[in-house]
Amino acid sequence: MKYAPGSIEEKWQKIWEDEDAFATAQDAPKDSAKNTSANAGDGSKPNFYCLEMFPYPSGNIHMGHVRNYSIGDVLARFKRMQGFDVLHPMGWDAFGLPAENAAIKNNIHPAKWTYSNMAAMKKQLQRLGYSYDWKVEIATCHPEYYRWEQLFFLHFYEKGLAYRKKAAQNWCPKCNTVLANEQVIEGLCWRCDSQVQQKDLTQWFMRITDYAEELLADLDKLGAGWPERVVTMQRNWLGKSVGAEIEFKLAQGEGGKNKEEGSIKVFTTRQDTVFGATFMSVSCEHPLLDQMIAGRSQEAEVRAFVEELRIAAAAGAVGAETDEKKGVFTGAYCKNAFTGELMPIYVANFVLAGYGTGAVMGVPAHDQRDFDFARKYKLPIRVVVQPDGEALNPDSMEQAYDGPGRMVNSGLYNDSKNEEAKVRIADWLEDNKLGKRTVNWKLRDWNISRQRYWGAPIPIVYCEKCGVVPEKPENLPVVLPLDVQTLPDGRSPLPEDPNFYRCTCPKCGGEARRETDTMDTFVDSSWYFARFACAREKDRPFDPEALKKWLPVDQYIGGVEHAILHLLYSRFFVKALRDFGYMQLDEPFANLLTQGMVLMGGAKMSKSKGNVVSPTEMIEKYGADTVRLFCLFAAPPERDFDWTESGIDGAYRFVQRVWRLAADLIGKLPPALACSVDPAAVSSEAARETIYREHAAVKKAGDDINNRFQFNTAIAATMEMVNHLYLVKDELSDSEEGRKTLASSMATLLCMLAPFTPHMSEELWQALGFAGRATHQPWPVYSDKAMQRSIITVVVQVNGKLRGKLEVAADTPAAELEKAALAEPNIKRHLEGLSVKKVLHVPGKLINVIAS
RNA sequence: GCCCGAGUGGUGGAAUAGGUAGACACAAGGGACUUAAAAUCCCUCGGCUGGAAACGGCUGUGCCGGUUCGAUUCCGGCCUCGGGCACCA
């Protein structure tokens with residue numbers, strides 16, 4: 001019986017499909033509720049939602065997909081064997097730019113390109129034997145999907161959570177569209193690495209900042225189920241700073257001829273250092289700037305400086321910490337209400353217009369950047385916080401001091417701790433209406449407008465009479481027209497397609513123009529996991545009962561590159577949908593596994609580097625089972641691993657080794673179930689040892705899969721079992737009890753391998769004459785009794801060093817054991833000339849003789 | 001600069017609760033089978049070292065120190081690599 005993976009795999013994929021082997025009970029029972037306990041006790045089947053990040057239909061799956069989906073599939077299959085009702089769906093993140101680029105390049109319609117890619121990739125996924133319930137497949141480019149997204153947009157709009165704003169936006173010249181802040185990585189476009197520019201545009205925003213506090217607070221809830229670094233990355237991205245806003249009134253400076261009106265507000269986390277504020281710096285976009293410099297001798301110089309910064313920003317030369325701190329005096333002053341002193345106002349290149357108030361009070365003694373700036377422009381430095389046991393001298397300081405200490409030069413706050421002063425000064429600001437406590441976030445609202453064609457239309461209409469008018473829910477979906485020609489320069493055809501943009505105003509019925517921007521595709525992927533729970537729902541986006549049953553996702557698996565983008569947007573969406581009344585859920589993903597990359601020669605696989613391994617070729621050569629097995633055996637899932645030819649060869653060898661082992665036993669074994677032989681019922685040592693190893697392997701593999709996602713060691717456990725079975729199979733084949741033992745072990749082995757190499761397991765399960773399907777077997781149950789060995793090895797140490805081993809009966813009394821340990825020749829030798837102080841005994845493990 | 005994570009054989013990696021370091025593989029070497037090769041099956045495999053052998057000794061988990069009968073594991077300090085954030089006031 002030769003191992004021919006191709007035909008076996010095809011055979012079983014067909015059978016699984018015919019038998020609808022991976023169907024989920026989509027009609028949730030009426031009183032369903034999230035129930036993830038394997039022993040619910042009430043007879044209902046516990047449920048488990050296993051989800052892998054759905055792919056963009058580029059046309060071909062790559063090894064990263066194979067790894068991602070193999071991890072998910074092992075878990076889904078394992079959970080089914082454990083008795084869970086498992087939802088394991090797959091779909092397509094089908095809108096997006098590559099479809100348009102391909103359209104331009106190959107002169108094919110984006111829709112056609114996308115749909116044929118989806119079909120091709122679906123075949124590839126099926127070829128890998130993944131246990132998806134394809135009946136709930138979804139594609140975000142389908143109007144039946146995005147109609148609900150458009151409905152959600154109307155809710156966002158109605159609640160003021162979607163709004164239009166003109167502002168400087170991140171613009172990618174290559175993609176011809178704006179980008180959200182999250183999509184700009186170190187000043188470059190996340191997709192094409194082009195230098196991002198700034199452009200003034202009117203765009204639609206989602207008010208994600210309204211949820212900042214909750215997004216931050218709920219990170220704590222995720223703690224146990226999410227990798228710490230993802231939580232940290234989100235926390236940093238939200239960027240909460242607690243401090244105060246302080247108002248500084250403009251004041252008459254020397255020879256001031258200008259009328260000084262208004263005030264400059266700053267945000268600071270260090271209001272305790274306000275007595276040390278000796279100058280003010282503002283961004284070049286500060287609203288009071290024009291007024292401050294108008295007619296002053298400094299005007300020309302300031303304008304030149306501002307222009308210089310603007311050119312740099314437009315070219316994408318975004319400021320970095322390493323850039324030289326530069327500024328120009330405006331000629332204007334403001335007054336520090338605490339010291340009564342005048343503070344010169346500078347325009348400075350390091351002040352961000354978009355953070356805080358666009359103005360910063362300069363406290364040179366206690367902020368490094370202000371310190372550098374003050375030294376450069378000869379501005380006064382005043383120490384107001386003294387660290388314990390050290391006296392800072394403003395003239396000799398070499399760097400700012402930003403640690404804790406006692407207040408000095410700060411009027412009535414002197415001598416108090418700076419943390420106390422922080423509170424009292426905040427109180428004072430509020431009492432005297434010169435400021436207030438406030439919180440600042442790094443998080444910005446989410447720009448979701450894209451000047452692209454292949455996306456979900458934003459359901460908004462512009463009417464000359466009524467202004468911005470939301471589409472009526474009953475008019476949804478606003479269908480993206482498919483009968484358009486993509487434009488060669490990448491611009492969207494929608495603004496030039498009257499059939500699309502011409503419409504009637506939902507309010508007054510007059511002629512109006514449709515919004516021609518489409519939604520960021522990250523909107524599409526921010527709620528797909530919920531739709532999977534009730535994908536066939538026709539008249540509403542969700543069936544609340546189904547959501548209650550399946551959400552949150554019990555295990556979400558995907559690449560860490562989505563740590564901020566997708567995972568943050570999805571969390572926001574769930575909270576918003578909850579507030580719209582669609583779900584009772586705070587967080588979408590209870591547990592998150594971020595899998596590592598598949599590398600080749602230490603580098604990420606990429607076409608340009610020429611180090612790509614095609615999954616299709618590998619499957620042809622070795623079969624899907626081997627490819628799956630290797631992806632999981634090479635390393636633990638979170639870690640990157642290197643693809644090696646010899647590595648997959650090894651996996652292939654193992655698969656064949658199992659095959660030969662079973663082939664040799666076909667027709668010789670009685671039908672059996674996993675773990676079905678009582679060790680007390682066998683007489684031979686070989687049989688007992690085999691049963692012992694069988695149960696130990698089940699325990700280890702189950703633990704490794706369930707609690708640790710350590711698939712590599714779970715596989716290692718099956719390998720050890722196979723190695724052992726090779727050694728004993730001839731001996732055991734000779735007796736009735738031996739054949740029973742072998743049959744039980746083989747059943748156990750095939751069950752344990754079923755999540756990893758499902759086709760081979762099915763085929764051998766059938767060939768050995770076992771009943772039913774390997775896929776539908778319960779996960780084997782080990783018994784502690786079967787794992788009790790009668791002879792155990794006890795390690796003997798002298799002063800913590802291994803000096804000998806004792807093979808003894810497991811029930812040897814402790815005193816006798818210790819005696820035997822001391823009598824062991826090598827131990828005796830090491831104790832020569834020493835006196836025994838103590839004998840430490842860890843039962844069943846070791847004896848440590850402490851002597852000196 | 002700040003915040004995470006990781007450093008273990010020739011290689012990928014094990015050691016789950018402080019208790020036999022190197023499971024399981026890959027590579028390498030040897031043997032059996034074969035006319036031969038491949039495949040397969042079996043054995044060896046951290047370094048140094050004693051012994052004919054059986055079996056021992058020393059050393060060893062990035063570096064230095066600490067706690068402990070005992071440390072890859074805990075604590076303190078450092079080094080290197082990887083990742084994230086980065087003019088955030």
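Protein chains get the first letters and strands the later ones, always in sequence-line order, with residue 1 at the start of each. Because the structure is a prediction, the values reported are computed rather than measured.
Atom CD in A:E561 sits roughly 19 Å away from atom P in B:G82 (whole-Å rounding). Counting to the nearest Å, the P atom of B:C3 and the CG atom of A:L219 are 19 Å from each other. Between the P atom of B:G12 and the CE atom of A:M600 lies a distance of 16 Å, rounded to the nearest Å. B:G83 atom P lies 12 Å from atom NZ of A:K604, rounded to whole Å. Here the P atom of nucleotide B:G1 and the CG atom of A:D367 are 17 Å apart, to the nearest Å.
Rounded to whole Å, the separation between the P atoms of B:U68 and B:C3 comes to 31 Å. Rounded to the nearest Å, the gap between the C1' atom of B:G13 and that of B:U61 is 13 Å. Comparing B:G57 with B:A71, their C1' atoms are spaced 22 Å from each other, to the whole Å. Only the C1' atoms considered, B:G7 is 6 Å distant from B:G62, to the nearest whole Å. Across the C1' atoms, B:G9 and B:A32 are found 28 Å apart, a figure rounded to whole Å. B:C33 and B:A39: their C1' atoms are spaced 11 Å apart (whole Å). One C1' atom belongs to B:U11, the other to B:A28, and the distance between them is 11 Å to the nearest Å. Taking atom P in both B:U73 and B:U67, one finds a spacing of 15 Å when rounded to whole Å.
Within the 4.0 angstrom heavy-atom criterion, no nucleotide atom of any strand lies near A:V266. Residue-level contact check: A:R235 touches neither bases nor backbone, having no heavy atom under 4.0 Å from any strand. A:P636 comes within 4.0 angstrom of sugar-phosphate atoms only, judged by non-hydrogen atoms across all strands, and of no base. Residue A:H830 is in sugar-phosphate contact alone, with no base atom involved, counting any heavy-atom pair closer than 4.0 Å across all strands shown.
With sequence neighbours excluded, the residues that form a side chain to side chain contact (heavy atoms under 4.5 Å, CB included) with A:A4 are A:S7. By the side chain to side chain contact (heavy atoms under 4.5 Å, CB included) test, A:K838 pairs with A:L840, A:I850, sequence neighbours left out. Taking A:P344 as the reference, A:F279, A:F329, A:Y333, A:Y346, A:L379 meet the side chain to side chain contact (heavy atoms under 4.5 Å, CB included) condition, with sequence neighbours excluded. The side chain to side chain contact (heavy atoms under 4.5 Å, CB included) search around A:D402 returns A:R270, not counting sequence neighbours.
Proximity note for A:R369 (side chain, C-beta onward) versus B:C87, B:A86, B:G13: the nearest is B:C87. Candidate nucleotides B:C42, B:G56, B:G13 were compared by shortest atom distance to the side chain of A:L727, and B:C42 ranks first. Among B:A86, B:C69, B:C87, the nucleotide with an atom closest to any side-chain atom of A:W237 is B:A86. Listed candidates were B:A89, B:C4, B:G57. Nearest to the side chain of A:R229 is B:C4. Residue A:T269 has its side chain nearest to B:A89 when only B:G56, B:C85, B:A89 are considered.
Using a 4.5 Å cut-off on side-chain heavy atoms (C-beta onward), A:R803 and A:V796 make no contact. Annotation: side chain of A:L753 is in contact with side chain of A:M760 (closest heavy-atom distance under 4.5 Å).
A:K801 has a side-chain polar atom (N or O) that falls below the 4.0 Å cut-off from OP1 or OP2 of B:U59. Not one side-chain nitrogen or oxygen of A:S281 sits closer than 4.0 Å to the OP1 or OP2 atom of B:A89. Within the 4.0 Å cut-off from OP1 or OP2 of B:G57, at least one side-chain nitrogen or oxygen of A:R803 is found. Residue A:R660 has no polar side-chain atom (N or O) positioned under 4.0 Å from OP1 or OP2 of B:A39.
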From CA spacing to verdict: salt bridge (charged side-chain N to carboxylate O under 4.0 Å, His left out), A:R235, A:D220: CA-CA 10 Å; A:R235 193 171 281 129; A:D220 293 335; 3.2 Å; yes
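When only modelled atom types and interatomic distance are considered, A:Y569 and A:E182 share a side-chain donor-acceptor pair under 3.5 Å. For the residue pair A:N440 / A:S241, no side-chain donor-acceptor distance below 3.5 Å is found, with atom types taken as modelled.
Regarding the sugar-base torsion, B:G9 falls in the syn class, its angle being within 90° of 0.
Between A:H566 and A:H562, the two ring planes are perpendicular [angle over 60°; tilted spans 30° to 60°].
In this structure, the ring of A:F630 has its center less than 6.0 angstrom from the ring center of A:F641.
Both A:G804 and A:A635 lie close to RNA chain B; mapped to their nearest nucleotides by heavy-atom distance, the more 5′-ward contact belongs to A:A635.
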Heavy-atom protein contacts under 4.0 Å, nucleotides 15-30 of chain B, coded B base, S sugar-phosphate only, - none: SB--BB--BBSSS---
Measure all distances between protein nitrogen or oxygen atoms and nitrogen or oxygen atoms of nucleotides 48-51 of chain B, and list the pairs falling under 3.5 Å.
none

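The environment of NZ in A:K376 is crowded: more than 12 heavy-atom neighbours from other residues, nucleotides or ligands sit within 6.0 Å.
If you check distances only, the side chain of A:K442 never reaches the base of B:C85 with a donor-acceptor pair under 3.5 Å.
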